[in-house]
Amino acid sequence: MVSTARSAVPEMSNLIDDVRGLMLDALTTIGPSERPAVETALARLDEPLRIAVAGKIKAGKSTLLNALIGDELAPTDAGECTKVVTWYEDGHRYAVHADLPTGEKRELAFSRVDGAVQPNLGQLQADDIARLTVTWPAAPLRSTTLIDTPGIDSISVEVSARSHTFLTPGAERATDADAVLYLVRHLHANDVRFLESFHDDGVSQGTPTNAIGILSRADEIGDCELDALQVAEQAAAEYREDPKLRALCQTVVPVAGLLAQAGATLLQSQFDDLVRITNSGPDHLDELLASAERFVHWPSAVSTEVREQLIDRFGLFGVRLAVEAIASARVRTATELATEFVDVSGITALRDLLARRFGSRTQALKARSALAVLRRSLEQRPADPEHQALLRRIDHIQFHAHEFREIVLLSRLRSGAVAADASSRRLLTAPVVHEIERLLGGDGTSPSQRLGLPADVDPAEINRVAHDAHHRLSALSSHPLMTGDARSVVTGTIRSIEGILSPERDHS
Ligand SMILES: Nc1nc2c(ncn2[C@@H]2O[C@H](COP(=O)(O)OP(=O)(O)OP(=O)(O)O)[C@@H](O)[C@H]2O)c(=O)[nH]1
Ligand SMILES: [Mg+2]
């Protein structure tokens, strides 16, 4: 029996339950061909958030994924497996499976080569495999499944197409990823076009809700000088303010994945080699560190082979940083150097960002993905009255769940659509827009993050600041020059502030 739209407005805490109930109802009415997709989407509500790592060939995708897992599971060389979309997910045992286009799932034997999981494809070619799944018991994978995608825009049109099909499946099915990290070394037109084509489904179509731009291999910017990461941060800050990019992804941050990976896996023997290099004397060091080429081939007491491994592992920037840190005695042990690498790499900032932007929105992102799949299935038979009733329930949830509304409002603000006319621009000035974005949960959804206060702030201060914001925005919403569009953003934000003020509204 299919019920019509419910009268109760779904709050954030029971959003998933509402969506689950709707999907269970749908399963009693949809046809057999749509069933598997809806069943999969239903099961997905209880699974970890899926984050895909995407970008151009050799942008550093697999290395960044490794840095996020804290292991070296993803192969970073040019093997066959880098051409297949590969999922890294938590599980009870170590295993690799291949999904074949026939629907068959086949377990593959695998070995670890320099840490990387290398499946034995046997008779299979990369082209025969729809996807690989590496199941790995690892704490970081418990809350997030990471998906490595083949490089876009590669010389191999097929490999590129495989990533496009995965990330932008088009009208016929919803995307498999809840969120995407898009890596670019330097942004140019192709990258922007790719981001534009990453339309997500359902409630926030074609919006930056679930994309984060990463300025990758940031240590290589500006000739690998020691200030490379600062230079990269300045470039990222410019991208963040670029209206075109603001409309396409939530933010842009610089990360040196290689350094983060090196920090997570640094060996004592590598540290000892770096100490030997450092101790080879300042004059010699100047020559040695002039370029990667020279570092490997300049005459030195440390063997060429060892130096080759060091440059491969840490990059020229990493070696320069290590030598500077060891020579100045800022770093005295392998553990301290590992920490230095991780700190400088930007990975901690990225992890925080993922927790704030995606972690706190996990429920909404998963619910949105599930509704997108359900909508697609129901639209196969749009004239069916039971389908129409279910579609109305989807509309109802999407319209009333405030967390969805926040996502839509954030996207519209970022796309620049809201403050497009002159009077709105006068009222919604840049600082006001930034505050509204923050209040809507753009920097994280806890009350203190929404109000821009420290995490350990006194609850009385939270209330005081929230009341103050409520007062200001209420005055703004009743301003005579307020247009309908801008007013709906302000009233939506007021509703978010009321969520902070009313403890029963769960914003955590
Ligand atoms: N200096 C530096 N090199 C990096 C960084 N990330 C990756 N690399 C190097 O860039 C090359 C490509 O890295 P991958 O992680 O395989 O890049 P990818 O985007 O997965 O490549 P494909 O899957 O082949 O498209 C490797 O030689 C890495 O060591 C980084 O942050 N800094
Ligand atoms: Mg790769």
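Order of appearance sets the numbers: ligands from 1, and atoms from 1 within every ligand.
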Exercise for review: Side-chain contact test, heavy atoms from C-beta onward, threshold under 4.5 Å: evaluate it for D273 versus Q309 and give yes or no.
Suggested key: no

Could you list which atoms of ligand 1 come closer than 4.0 Å to a heavy atom of [X]?
X	answer
A59	19 (O)
E220	1 (N), 2 (C), 3 (N)
A256	31 (O)
I57	25 (O)

Exercise for review: Begin with the C-alpha distance, continue with both residues' side-chain angles, and end with the deciding distance and a verdict on salt bridge (charged side-chain N to carboxylate O under 4.0 Å, His left out) for D128 and R106.
Suggested key: CA-CA 12 Å; D128 303 330; R106 193 180 296 174; over 6 Å; no

Option of least heavy-atom distance to [atom] (set: [options]):
atom	options	value
atom 14 (P) of ligand 1	V53, T63, N66	T63
atom 29 (O) of ligand 1	L258, L316, L183	L258
atom 24 (O) of ligand 1	Q261, R185, K58	K58

Check your understanding: Looking at F314 versus F341, is the centre-to-centre ring distance below 6.0 Å?
Key -> yes

Check your understanding: Counting heavy atoms only, which part of T76 comes closer than 4.0 Å to ligand 1: side chain, backbone, both or neither?
Key -> both

Do any N/O atoms on [X] end up under 3.5 angstrom from N/O atoms on ligand 1?
X	answer
D219	yes
G257	yes
S62	yes
G60	yes

What's the separation between atom [atom1] in [X] and atom [atom2] in [Y], rounded to the nearest 0.5 Å?
X	Y	atom1	atom2	answer
Q268	T333	CD	OG1	8.0 Å
L439	L410	CG	CG	10.0 Å
F317	E225	CZ	CD	10.0 Å

Practice item. Taking atom types as modelled, find out whether R313 and T265 have a side-chain donor-acceptor pair closer than 3.5 angstrom. Key: yes

Point to revise | Verdict with supporting geometry, R332 and E336, salt bridge (charged side-chain N to carboxylate O under 4.0 Å, His left out) | key: CA-CA 7 Å; R332 292 167 199 272; E336 284 177 7; 5.3 Å; no

Point to revise | Verdict with supporting geometry, R93 and E107, salt bridge (charged side-chain N to carboxylate O under 4.0 Å, His left out) | key: CA-CA 13 Å; R93 66 190 185 95; E107 181 155 2; 3.0 Å; yes

Check your understanding: Of all the atoms in S62, is at least one N, O or S atom closer to the Mg ion (ligand 2) than 2.8 Å?
Key -> yes

